[in-house]
Protein chains: 2
Amino acid sequence: MVNKIEPAAQAPADAPPPGAARKRRGRGRPKGASAGQVRERLLAAARELFLRYGYRAVSSRQIGAAAGVNFAMIRYYFGGKPGLYREILQGVLPAQIPQAIQTGASPPKLADILGNITRVWAANPWIAGFVLREVLVPGGPMRSMFLREFPERLAPLVERAVRAEIERGALRSDLDPKLLVLSVVSLAVFPFLGFPLTSRVFGVSNDEEFVTRFLRHTQALLACGVAPGGWAG
Amino acid sequence: MVNKIEPAAQAPADAPPPGAARKRRGRGRPKGASAGQVRERLLAAARELFLRYGYRAVSSRQIGAAAGVNFAMIRYYFGGKPGLYREILQGVLPAQIPQAIQTGASPPKLADILGNITRVWAANPWIAGFVLREVLVPGGPMRSMFLREFPERLAPLVERAVRAEIERGALRSDLDPKLLVLSVVSLAVFPFLGFPLTSRVFGVSNDEEFVTRFLRHTQALLACGVAPGGWAG
DNA sequence: GCTCTAATTATACTTATGGTTAATAAAATC
DNA sequence: GATTTTATTAACCATAAGTATAATTAGAGC
């Protein structure tokens with residue numbers, strides 16, 4: 001705003017005297033109690049922050065502050081910020097996603113798949129944030145992993161289940177299996193995907209009561225649609 | 001890597017000799033043709049980049065390069081990166097969303113709403129990216145605007161339409177209007193939300209042919225569910 | 001033709017970020 | 001008890017990003 005024509009006042013202003021005695025650096029190994037928990041605290045804090053703000057928007061120093069430890073520990077334990085991120089993704093996500101598909105029956109029933117996906121996503125709301133944020137970004141660190149994992153392993157499994165049900169007459173034969181799977185996934189995933197939005201508008205929540213009610217509703221919708229006279233078999 | 005213990009080598013390394021002749025700076029006002037288009041080029045480039053990579057991941061210099069103009073023009077026209085972002089959000093989004101609800105009939109019919117939402121989202125795939133990215137981020141610049149616009153103005157409108165249809169017997173009476181709206185929105189939005197994913201796995205695309213087929217499928221699903229015997233009234 | 005304004009560029013400045021390292025001290029090991 | 005290992009910290013460095021500004025020139029008004 002005001003005129004500033006001072007030539008170039010680039011004095012460091014608090015330059016440390018070069019000859020001064022070295023200041024003390026570290027504080028050494030901690031008392032036994034807190035040792036070994038730093039790694040876990042970092043993982044928890046980073047997962048929370050990455051979920052809420054995305055990989056790029058979160059700085060190493062921010063993670064360290066949230067975990068209550070020095071941010072250099074990220075390098076010590078994970079080799080750096082990308083390593084920490086990879087650890088979170090690979091350690092946590094793959095363990096949860098396939099669980100949504102595996103049911104007792106083989107091939108699994110569509111209704112069970114719907115229920116499982118819904119429950120996994122409702123129980124782990126942070127998964128939605130991760131998937132949303134990382135799968136959408138081209139070149140994002142997680143995208144290739146996710147695209148390798150889900151479409152080529154899990155989706156065909158579900159699709160095969162739908163085809164089997166159509167063949168044995170449990171589903172209408174005029175439905176496109178692929179689109180039907182897409183619809184089922186949409187119904188199970190979206191409400192928990194847009195959580196901050198859907199919770200406010202539609203009362204979506206994580207608790208057992210809502211999930212049960214929601215599942216019953218969705219299954220009824222899938223079973224016989226919106227037409228009056230319902231529950232036709 | 002190598003040891004570097006020089007006390008404080010903070011010389012600018014290429015400090016211009018203070019007495020040297022000033023190098024030439026700008027290239028001046030452009031030939032009339034391109035004048036005035038810089039603003040639009042910046043808006044277009046920034047919208048594309050923000051959509052694909054998110055606000056934080058895109059730098060001002062990157063936007064300038066993509067638009068083919070000097071990045072300082074961002075400051076000149078929009079006051080800075082946040083101003084450019086605000087301009088995009090406020091100028092483009094609110095015009096598209098409500099259009100999805102307005103149908104000829106009053107109250108609108110559920111099937112029409114489904115069709116409109118689907119078509120708007122399919123025709124403007126970047127909306128999904130924006131909504132995903134910005135609504136989910138707490139404190140994001142767009143979130144409050146969106147939360148003000150959609151839930152409190154549009155959602156009740158749709159819900160009222162559903163109640164009206166239930167009352168006149170066009171919909172099953174055991175359905176929860178709120179959850180039904182949620183289901184319809186899920187079916188219409190999710191496939192285009194997860195576009196990079198769904199296009200690969202389920203063959204989702206924007207073109208007229210797919211949208212029509214998709215809509216017919218979804219409406220059939222909603223109308224009579226998955227049970228064989230279909231199209232019951 | 002001269003002057004003033006608008007539009008554009010190159011560059012300087014400041015700050016924040018990720019990565020890196022030497023110093024440090026508790027614990028473990030011998 | 002001495003030594004080595006492990007865990008932790010502050011400071012350092014290079015780079016990138018956003019912001020700011022001076023230089024530069026095309027056109028408008030007179």
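Chain letters run A, B, ... following the sequence lines, proteins first and then strands; every chain starts at 1. We use all heavy atoms of the structure for the numbers below, so side chains are in, but hydrogens, waters and symmetry mates are not.
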Face-on cation placement of B/Lys81 at B/Phe50 ring, 6.0 Å and 45° thresholds: no

By side-chain contact (heavy atoms from CB on, under 4.5 Å) - contacts of B/Leu110 (at least two apart): B/Val162, B/Glu165, B/Leu171, B/Leu180, B/Val184

Test side-chain contact (heavy atoms from CB on, under 4.5 Å) applied to A/Thr118 - qualifying residues, sequence neighbours left out: A/Leu114, A/Ala188, A/Phe192, A/Val211, A/Phe214, A/Leu215

Result block: side-chain N/O donor-acceptor pairs under 3.5 angstrom for residues 63-76 of chain A, not counting sequence neighbours:
unit_1  : atom_1 : unit_2  : atom_2 : d
A/Asn70 : OD1    : A/Ala72 : N      : 2.8

Proximity to the side chain of A/Val38 - top-ranked nucleotide from D/dT21, D/dT8, C/dT21: D/dT8

OH on A/Tyr55 to CG on A/Leu84, rounded to 0.5 Å: 8.0 Å

Strand-adjacent residues in residues 56-64 of chain B, judged by heavy atoms under 4.0 Å from DNA chain D: B/Val58, B/Ser59, B/Ser60, B/Arg61

Spacing of B/Phe71 atom CZ relative to D/dA16 atom P, expressed in whole Å: 14 Å

Phosphate OP1/OP2 of C/dA6: any B/Tyr76 side-chain N/O under 4.0 Å: no

Separation of C/dT17 P from A/Tyr53 OH (nearest whole Å): 14 Å

5′-ward residue of the pair A/Ala72/B/Ala72 relative to DNA chain D: A/Ala72

Partners meeting ring pair (Phe, Tyr, Trp, His ring centres under 6.0 Å) with A/Phe190 (sequence neighbours left out): none

Side chain of B/Pro82 (C-beta onward), nearest among D/dA7, D/dT19, C/dT20: D/dT19

Integer-rounded Å distance: D/dT9 P and A/Leu42 CG: 10 Å

Per A/Val69 side chain, nearest of listed nucleotides D/dG18, D/dT9, C/dT20: D/dT9

Set of residues satisfying side-chain contact (heavy atoms from CB on, under 4.5 Å) with respect to A/Glu208, sequence neighbours excluded: A/Arg119, A/Thr212

Phosphate contact (C/dT8 OP1 or OP2) by B/Tyr77 side-chain N/O below 4.0 Å: yes

Atom-to-atom span, CZ of B/Arg41 to C1' of C/dT8 - whole angstrom: 13 Å

Protein-nucleotide distance (B/Arg75, atom CZ; C/dA12, atom C1'), rounded to Å: 14 Å

Gap between atoms CD1 and P, on B/Ile74 and C/dT9 respectively (whole Å): 12 Å

Spacing between A/Asn70 atom CG and C/dA22 atom P, to the nearest angstrom: 16 Å

Nucleotide C/dA16, atom P - distance to NZ of A/Lys81 in whole Å: 16 Å

